[in-house]
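Both counts, for ligands and for their atoms, begin at 1 and track the order of listing. The analysis underlying the following values was restricted to heavy atoms, covering all of them including side chains, and did not include hydrogens, waters or symmetry mates.
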Amino acid sequence: MKKRVLGVLLTAVMAMGMFAGCGPADTGAPAGDAGTAQTADSGDTSTPANPNGKRVAVAMPTQSSERWINDGNNMKEKLEALGYEVDLQYAEDDVQAQVSQIENMIAAGADCLVIAAVDSSALVNVEQQAKDAGIPIIAYDRLLMDTDAVSYYATFDNKGVGTAIGKYIEDAKDLKNAKADGKSYTIEFFMGSPDDNNAVMLYDGLMEVLQPYLDDEVLVCKSGRTSFDDTCILRWSQETAQQNCENYLTGFYADEKLDICATAFDGFAYGCKAALEGAGYKVGEDWPLITGQDAELMATKNIIAGSQTMSIYKDTRLLADKCVTMVQAVLEGGEPEINDTEQYDNGKKVVPSYLCTPVAVDKDNYKEIIVDGGYYTEEQLAE
Ligand code: GAL
């Protein structure tokens, strides 16, 4: 993992070339449980040929979770295969570092910017600079808010992620029949970052399914923390999720078991797992249902081992493919693939979007979806 991060870093630093002082922020090590990235690292840091003479800058939020490493690698690979020069940089969840990186990308002559924001509303000025310089912007995975400088948005159906998690819980616990059967389950929520529009949409989708069960007390949230504001976790921090879960277990659940950790991210599931282990919960005995998102390698291993129940598989190769069609459209002309022109209003415009379909994975279908789909091999999952 370290080698891979170093490889990515070196590539980013090389791509930065002579722009001293504008390299990526200190990356630190990836979060302990984040697992190994899906794409093999060639370790090749040479600057590829640039036959079409165009430069695409890709600003990614962090290397602390595996998915963004895969996203960055996929984008770089696919764009380079089309002959673009790629400037890939990670901001390590530092908002100001990402602003500086994008300023430098503009100064370095980027022809197109692809941005997965750390804080979706914090880039308004630098986005305006890009617009003034005639550089098109594509929002990657996370919507860029409060700007008319963004041309297109490639993402997953973020509300659909929430409903898929909710429906999974509904089915797994047979909530539709629970009232008649006299059953109820305790649940706590671990929602995403308040500066990420995806997190709000996920919450809305989740609650569309679960709110009726909270209302009729089939689901019981002993902390009382069910609103987005009460359950959101800044910058998707695994550590905060663990801390929150520890607090719940030692407080509200000192005398009663927690049945469901409804989490919005594999990183949160790792945090809950650590907290539950610390509190003495045992897989196969009193282990709760734990949800996640991203189907990271570590999460998929945990699903096989039973310490995480499900995740949402988001094929980052597909997302990169869709995003690349948008880059080609803005740089070469032509129409990108768009399948939504309504949902993603960023406050300044409705951004034409392509929404990839999220898929719930658990121990029953991971082989079919993840292994047969070529996302991870059986060997990677067995390591
Ligand atoms: C969100 C994204 C999720 C997850 C999360 C934390 O924006 O939609 O899939 O990766 O960030 O990185």
Is it the case that [X] and [Y] place a side-chain donor and acceptor less than 3.5 Å from each other?
{"X": "N346", "Y": "Y344", "answer": "no"}
{"X": "T325", "Y": "E337", "answer": "no"}
{"X": "Y213", "Y": "S184", "answer": "no"}
{"X": "D132", "Y": "Q128", "answer": "yes"}

Which residue and heavy atom of the protein sit nearest [atom], plus the separation:
{"atom": "atom 9 (O) of ligand 1", "result": "D294 OD1, 2.6 Å"}
{"atom": "atom 11 (O) of ligand 1", "result": "R142 NH2, 2.9 Å"}
{"atom": "atom 7 (O) of ligand 1", "result": "D196 OD2, 2.5 Å"}

Y248 and F252 aromatic ring geometry - parallel, tilted or perpendicular at 30°/60° bounds: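 Taking Y248 first and then F252, their aromatic rings sit tilted (interplane angle of 30° to 60°).
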Parallel, tilted or perpendicular: rings of F268 and W236 (30°, 60°):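 Correct class here is parallel.
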S65 N/O to ligand 1 N/O under 3.5 Å: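 Among all N and O atoms of S65, none is under 3.5 Å from an N or O of ligand 1.
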Residue part near ligand 1, for D141, under 4.0 Å between non-hydrogen atoms: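 Within the 4.0 Å criterion, D141 contacts ligand 1 through side-chain atoms alone.
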From the candidates W236, W68, F156, the one that places a heavy atom nearest atom 12 (O) of ligand 1: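 It is W68 whose heavy atom sits nearest to atom 12 (O) of ligand 1.
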Atom indices of ligand 1, in the order listed, that fall short of 4.0 Å to a heavy atom of K314: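 Contacts of ligand 1 toward K314, numbered from 1: 2 (C), 3 (C), 8 (O), 9 (O).
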